[in-house]
Amino acid sequence: MTTALNTLFITVEGTRLNKEGERVVVTVKDEKKAEVPLRHLRSVVCLTRAWMTPELLESCVEAGIHVSFFGVTGRFLARVEGLPGGNVLLRREQYRAADDGGRTLAIARAMVVGKVSNARQFVLHAKRDAAAEQVPSLEDAARRLAEHLRAVGRAEELEQVRGLEGIAARDYFEAFPGLLKGGARRFGFDGRNRRPPRDPLNALLSFGYALLAQDCAGALAGVGLDPAVGFLHEDRPGRLSLALDLMEELRAPVVDRLVFSLVNRGQLKPEDFKEEAAGAVMLRDEARKAFLVAYQAAKQVEVQHVFLGQQTSWGLVPHLQALLLARTLRGELDGYPPFAVR
């Protein structure tokens, strides 16, 4: 288990969680591992199969503590929470905007502009330290992303925005082999795959994106928005479409940067993964703990929020963007300002 930013992460198979007084007690194989006061928690994230007593789950719901469950491959499964709080007028405005083609297009376009722009900045930043033979491919990727960025800005149909987002993502992932350095080239990368991921780099990306989506969903719920009603992603039962929207602009600077930092520094190696009989590639337990620690540490790193003109931590960026989206929906901003990396 790991605790960070008022979140309790459960990573050990068979962990049991129960309530004693006003504390969460964490037990593994009848051995008490930790006690955490309920008042210190905002969420519980079960990243492996774990037991939670009905009494504790009821207390979490009543205290507004979100409980999330992930599959063993890192895929988001379920989230348990009580009655939705926040501002009903804001949620009504969100639903009206989602049904308004013009407003949906404007918000979705801004989010994709943020995603492609940040992906391009990530590639350009990596090019500075890349081996000479990798520079041309990275320059070509940055050039193509710049072209897609201009096209997205001119797009007048939502389907056009979605199509350009997909093309930009394909070109961006094609640049990934050029981002691997030294011994990390053993990882290799042959394009994005998921459900399940079939190689170590894709396993890391999927795991990181699942954590980021959870952070974004929590941030949106925190400002009173419905994480399930999005603008770029279509509504689908069980899918947190708005959380997926919000995370698009943060994928490259938060998750991708962390993944390549860990593998290029040799903190994670191909030996830290295992392949299941069905072909799914998964992190071993210790590697998953190492990634979680690094992910939480990365959230403490200071970054400049260009639109707000102030320093903040990566961990607060989803919350700030959720607030900016809420202000956009209320009409307090002319348009949604995506997070921009410089």
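Fair warning: this is a prediction, and the values are worked out from it, not measured in the lab.
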Is the closest basic N to carboxylate O distance between [X] and [Y] below 4.0 Å?
{"X": "R162", "Y": "E159", "value": "yes"}
{"X": "E156", "Y": "R154", "value": "no"}
{"X": "D140", "Y": "R143", "value": "yes"}
{"X": "E234", "Y": "R239", "value": "no"}
{"X": "R39", "Y": "E22", "value": "no"}
{"X": "D99", "Y": "R96", "value": "no"}
{"X": "R144", "Y": "D171", "value": "yes"}
{"X": "R330", "Y": "E93", "value": "no"}
{"X": "D215", "Y": "K299", "value": "yes"}
{"X": "E286", "Y": "K289", "value": "yes"}

**Complete:** Only one of L292, L212, V255, V259 passes side chain to side chain contact (heavy atoms under 4.5 Å, CB included) with F207, and that residue is L292

What's the separation between atom [atom1] in [X] and atom [atom2] in [Y], rounded to the nearest 0.5 Å?
{"X": "H319", "Y": "L324", "atom1": "NE2", "atom2": "CG", "answer": "13.0 Å"}
{"X": "L220", "Y": "L242", "atom1": "CG", "atom2": "CG", "answer": "4.5 Å"}
{"X": "N202", "Y": "N193", "atom1": "CG", "atom2": "CG", "answer": "4.0 Å"}
{"X": "R251", "Y": "Y172", "atom1": "CZ", "atom2": "OH", "answer": "10.0 Å"}
{"X": "E332", "Y": "R327", "atom1": "CD", "atom2": "CZ", "answer": "6.0 Å"}
{"X": "S68", "Y": "F9", "atom1": "OG", "atom2": "CZ", "answer": "9.5 Å"}

Does one side chain, of [X] or [Y], offer a donor that lies under 3.5 Å from an acceptor on the other?
{"X": "R192", "Y": "S206", "answer": "yes"}
{"X": "Q321", "Y": "E249", "answer": "yes"}
{"X": "K19", "Y": "S59", "answer": "yes"}
{"X": "Q300", "Y": "S313", "answer": "no"}
{"X": "D245", "Y": "Y336", "answer": "no"}

**Item:** F339 ring center within less than 6.0 Å of W314 ring center
**Value:** yes

**Asked** Among all residues two or more places apart in sequence or in another chain, which pass the salt bridge (charged side-chain N to carboxylate O under 4.0 Å, His left out) test with E157?
**Response** none

**Item:** Partner set under salt bridge (charged side-chain N to carboxylate O under 4.0 Å, His left out) for E276, not counting sequence neighbours
**Value:** none

**Message:** Working note: R170 + E165, criterion salt bridge (Lys or Arg N to Asp or Glu O under 4.0 Å); need CA distance, chi angles, decisive distance, verdict.
**Reply:** CA-CA 9 Å; R170 181 202 60 195; E165 186 270 336; over 6 Å; no

**CZ (R185) with more than 12 external heavy atoms under 6.0 Å** = yes

**Message:** Tell me whether the count of non-hydrogen atoms from other residues, nucleotides or ligands lying under 6.0 Å of CZ in R186 goes above 12.
**Reply:** yes

**Message:** Under the criterion side-chain contact (heavy atoms from CB on, under 4.5 Å), I'd like the reasoning laid out for L329 against I107: C-alpha separation, chi angles, the key distance, then a yes or no.
**Reply:** CA-CA 9 Å; L329 292 169; I107 294 172; 3.9 Å; yes

**side chain to side chain donor-acceptor pair (under 3.5 Å) between D100 and Y95, intermediate numbers included** = CA-CA 9 Å; D100 184 318; Y95 301 146; over 6 Å; no

**Request:** For the residue pair F176 and F189, categorise the inter-ring angle as parallel (less than 30°), tilted (30 to 60°) or perpendicular (more than 60°).
**Result:** tilted

Examine distances only and state if a side-chain atom of [X] and a backbone atom of [Y] form a donor-acceptor pair shorter than 3.5 Å.
{"X": "T104", "Y": "A97", "value": "yes"}
{"X": "E35", "Y": "V24", "value": "no"}
{"X": "E275", "Y": "A280", "value": "no"}
{"X": "R16", "Y": "D30", "value": "no"}
{"X": "S117", "Y": "G114", "value": "no"}
{"X": "N264", "Y": "K181", "value": "yes"}

Is there side-chain contact between [X] and [Y], with at least one heavy-atom pair below 4.5 Å?
{"X": "E20", "Y": "K32", "value": "yes"}
{"X": "L138", "Y": "L179", "value": "yes"}
{"X": "P253", "Y": "F122", "value": "no"}
{"X": "V317", "Y": "T312", "value": "yes"}

**Message:** Checking L8 against V26 for the side-chain contact (heavy atoms from CB on, under 4.5 Å) test, could you report, in this order, the C-alpha distance in whole Å, the side-chain angles of both residues, the deciding distance, and whether it holds?
**Reply:** CA-CA 10 Å; L8 173 62; V26 183; 4.2 Å; yes

**Request:** Kindly indicate whether a cation-pi arrangement holds for R284 with F273, taking the cut-offs as under 6.0 Å to the six-membered ring centre and within 45° of the axis.
**Result:** no

**Message:** Working note: V45 + I10, criterion side-chain contact (heavy atoms from CB on, under 4.5 Å); need CA distance, chi angles, decisive distance, verdict.
**Reply:** CA-CA 6 Å; V45 178; I10 303 301; over 6 Å; no

**Verdict with reasoning, L262 to F291, per side-chain contact (heavy atoms from CB on, under 4.5 Å)** = CA-CA 8 Å; L262 290 173; F291 187 90; 3.6 Å; yes

